[in-house]
Amino acid sequence: MKSIDIRFNKEQLELLKKCKNRKFIKYKADPFNYTNTVYNKLGLFIGENTYQLRNEVELQDYFGEKEDVAKLVFEEIEKENIVSGLENTEQKDTIVDAKIMNIYLIQEKQKLVVNGERTYEVYLTRAIIFQTEDREYAFVKDVWFSEEIEIIKGNDLKEKLSTHYEKMDNEFAENSILYIDRVVEKV
Amino acid sequence: MGVGDYKGGTISYHSIRDNVFNISKYYKYEDGYFGEKAKIEKIRHIYSNDIESTAKDFYDKITYGGIESCLLNGKGKKTNMSDGTIITWRNTSSSDGTPAVDINIKYSKDSGGVKQQKIHFMKEKKDEKY
């Protein structure tokens with residue numbers, strides 16, 4: 001059985017921990033174009049620091065196929081370097097201006113079973129949720145090949161994003177089942 | 001939006017459903033998928049002697065009437081369709097160096113039967129000579 005882990009690593013988790021109890025000033029992202037998604041990256045202004053959330057493809061073993069698979073990355077960045085992933089696109093600011101009370105990660109586990117045998121286990125970070133004084137802001141990784149990031153504002157987002165169970169039959173091989181499950185992890 | 005703002009100069013914003021009938025005249029289309037199945041159903045292959053031209057032609061036909069943006073550093077292009085489908089064309093995929101087109105229907109209200117898939121454009125295998 002092969003195990004693949006593309007969740008946030010220790011460094012990224014430490015960076016996120018530093019964001020707790022600090023002011024979420026704003027985020028900077030492409031304007032929405034019909035969907036509530038932005039391409040590839042956005043900037044987060046938290047306290048005196050600036051961060052970038054990227055959803056970027058890298059070569060991975062995708063259930064036996066070598067493929068470009070998208071992975072979320074959270075990193076500190078100079079504010080001058082926050083730019084769109086698209087040419088000729090001016091990002092716009094969305095003001096938050098609220099203290100971050102808690103940060104949650106939606107962690108996803110995918111388990112592939114072929115002819116009754118477990119062949120792959122994949123662990124990935126599906127979303128970050130910043131819980132402020134009055135609402136939640138979720139930044140969600142898109143489908144496996146896509147570099148889009150979905151942005152959702154509201155309440156009870158932890159529940160809405162983690163209540164997801166999926167089962168796919170015979171899509172990855174004959175007599176195969178892929179199980180997808182999510183859990184909420186508090187940073 | 002004015003005339004010329006949609007890809008191909010159409011006067012209306014197209015959905016992917018608007019383009020499926022036309023593109024299926026040029027490329028194999030069955031049960032919502034284009035081309036031939038790879039090992040995994042959602043990964044498809046379209047074979048050609050000129051993979052760059054074929055990839056561009058496929059991408060242009062399926063995104064006709066959409067709103068196109070260029071990815072930074074010449075990596076490719078992406079187009080948003082009126083139903084919410086997002087279609088991305090990459091010049092080179094890391095996996096095998098071939099061009100690829102992704103069709104993302106996650107946000108689509110009506111994909112016209114087209115399914116979520118990633119299409120690689122592959123060189124036709126040469127005939128063996130005896």
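Every chain is numbered from 1 and lettered A, B, ... according to where its sequence line falls, protein lines coming before strand lines.
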Novice: Counting only non-hydrogen atoms closer than 4.5 Å, does B:Lys77 touch chain A with its backbone (N, CA, C, O), its side chain (CB onward), both, or neither?
Specialist: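 Nothing of B:Lys77, per the 4.5 Å heavy-atom cut-off to chain A.
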
Novice: Heavy-atom pairs under 4.5 Å with chain B are the metric here; pick the option from A:Tyr39, A:Tyr62, A:Phe63 that has the most.
Specialist: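 Going by pairs under 4.5 Å, I would pick A:Tyr39.
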
Novice: At a 4.5 Å cut-off on heavy atoms, which part of A:Glu58 comes close to chain B: side chain, backbone, both, or neither?
Specialist: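 No part of it gets close to chain B.
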
Novice: Just how far is it from atom CG of B:Asn91 to atom CG of B:Asn73, taken to the nearest 0.5 Å?
Specialist: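 Reported value, rounded in 0.5 Å steps: 11.5 Å.
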
Novice: Are A:Asp97 and A:Lys26 close enough for a salt bridge, meaning some N to O gap below 4.0 Å?
Specialist: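 Not counted as a salt bridge, because no side-chain N and carboxylate O are separated by less than 4.0 Å.
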
Novice: Given heavy-atom pairs under 4.5 angstrom as the criterion, report whether the side chain, backbone, both or neither of B:Ile105 touches chain A.
Specialist: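 For B:Ile105, neither part sits under 4.5 Å from chain A.
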
Novice: Given that the side chain runs from C-beta out, which part of B:Asn104 has a heavy atom under 4.5 Å from chain A: side chain, backbone, both or neither?
Specialist: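 Both backbone and side chain.
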
Novice: Tell me, for A:Thr89 versus chain B, whether the close heavy atoms (under 4.5 Å) come from the side chain, the backbone, both or neither.
Specialist: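 Interface part for A:Thr89: neither.
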
Novice: Do A:Ile151 and A:Tyr104 belong to the same hydrophobic cluster, where Ile, Leu, Val, Met, Phe, Trp and Tyr are linked whenever their side-chain heavy atoms lie under 4.5 Å apart, directly or via other members?
Specialist: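 No: no chain of side-chain contacts under 4.5 Å links A:Ile151 to A:Tyr104.
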
Novice: Is the NZ or CZ atom of B:Lys61 both under 6.0 Å from the centre of the six-membered ring of B:Tyr26 and within 45° of that ring's axis?
Specialist: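 Flagged: B:Lys61 positioned over aromatic ring of B:Tyr26.
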
Novice: Measure distances from B:Ser108 to the heavy atoms of chain A and classify the residue's part below 4.5 Å as side chain, backbone, both or neither.
Specialist: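 For B:Ser108, there is no contact with chain A at all, as no heavy atom is under 4.5 Å.
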
Novice: Examine whether an atom of B:Ala38 lies under 4.5 Å from a heavy atom of chain A, and if so say whether it belongs to the side chain, the backbone or both; otherwise answer neither.
Specialist: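 Answer is both: backbone and side chain atoms of B:Ala38 are under 4.5 Å from chain A.
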
Novice: Can you tell whether the side chains of A:Glu150 and B:Lys106 come within less than 4.0 Å, N to carboxylate O?
Specialist: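 Here A:Glu150 pairs with B:Lys106 in a salt bridge, since their nearest N and O are under 4.0 Å apart.
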
Novice: Is it true that B:Asp83 and B:Arg17 make a salt bridge, defined as a side-chain N closer than 4.0 Å to a carboxylate O?
Specialist: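 So B:Asp83 does not pair with B:Arg17 through a salt bridge.
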
Novice: Quick check for you: among B:Glu41, B:Lys39, B:Lys75, which has the greatest number of heavy-atom pairs under 4.5 Å with chain A?
Specialist: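 When all of B:Glu41, B:Lys39, B:Lys75 are compared, B:Lys39 has the most.
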
Novice: Check whether A:Phe145 gets within reach of chain B through its side chain, its backbone, both or neither, counting any heavy atom under 4.5 Å.
Specialist: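 When you check distances to chain B, atoms from both the backbone and side chain of A:Phe145 fall under 4.5 Å.
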
Novice: Between A:Glu185 (side chain only) and A:Leu105 (backbone N and O only), is there a donor and an acceptor less than 3.5 Å apart?
Specialist: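 It does not hold such a pair.
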
Novice: Would you call the rings of A:Tyr27 and A:Phe24 parallel, tilted or perpendicular if under 30° counts as parallel and over 60° as perpendicular?
Specialist: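 Ring orientation of A:Tyr27 relative to A:Phe24: tilted.
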
Novice: Would you mind checking which part of B:Ser93 comes under 4.5 Å of any heavy atom in chain A, side chain (CB onward), backbone (N, CA, C, O), both or neither?
Specialist: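 Both parts, backbone and side chain.
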
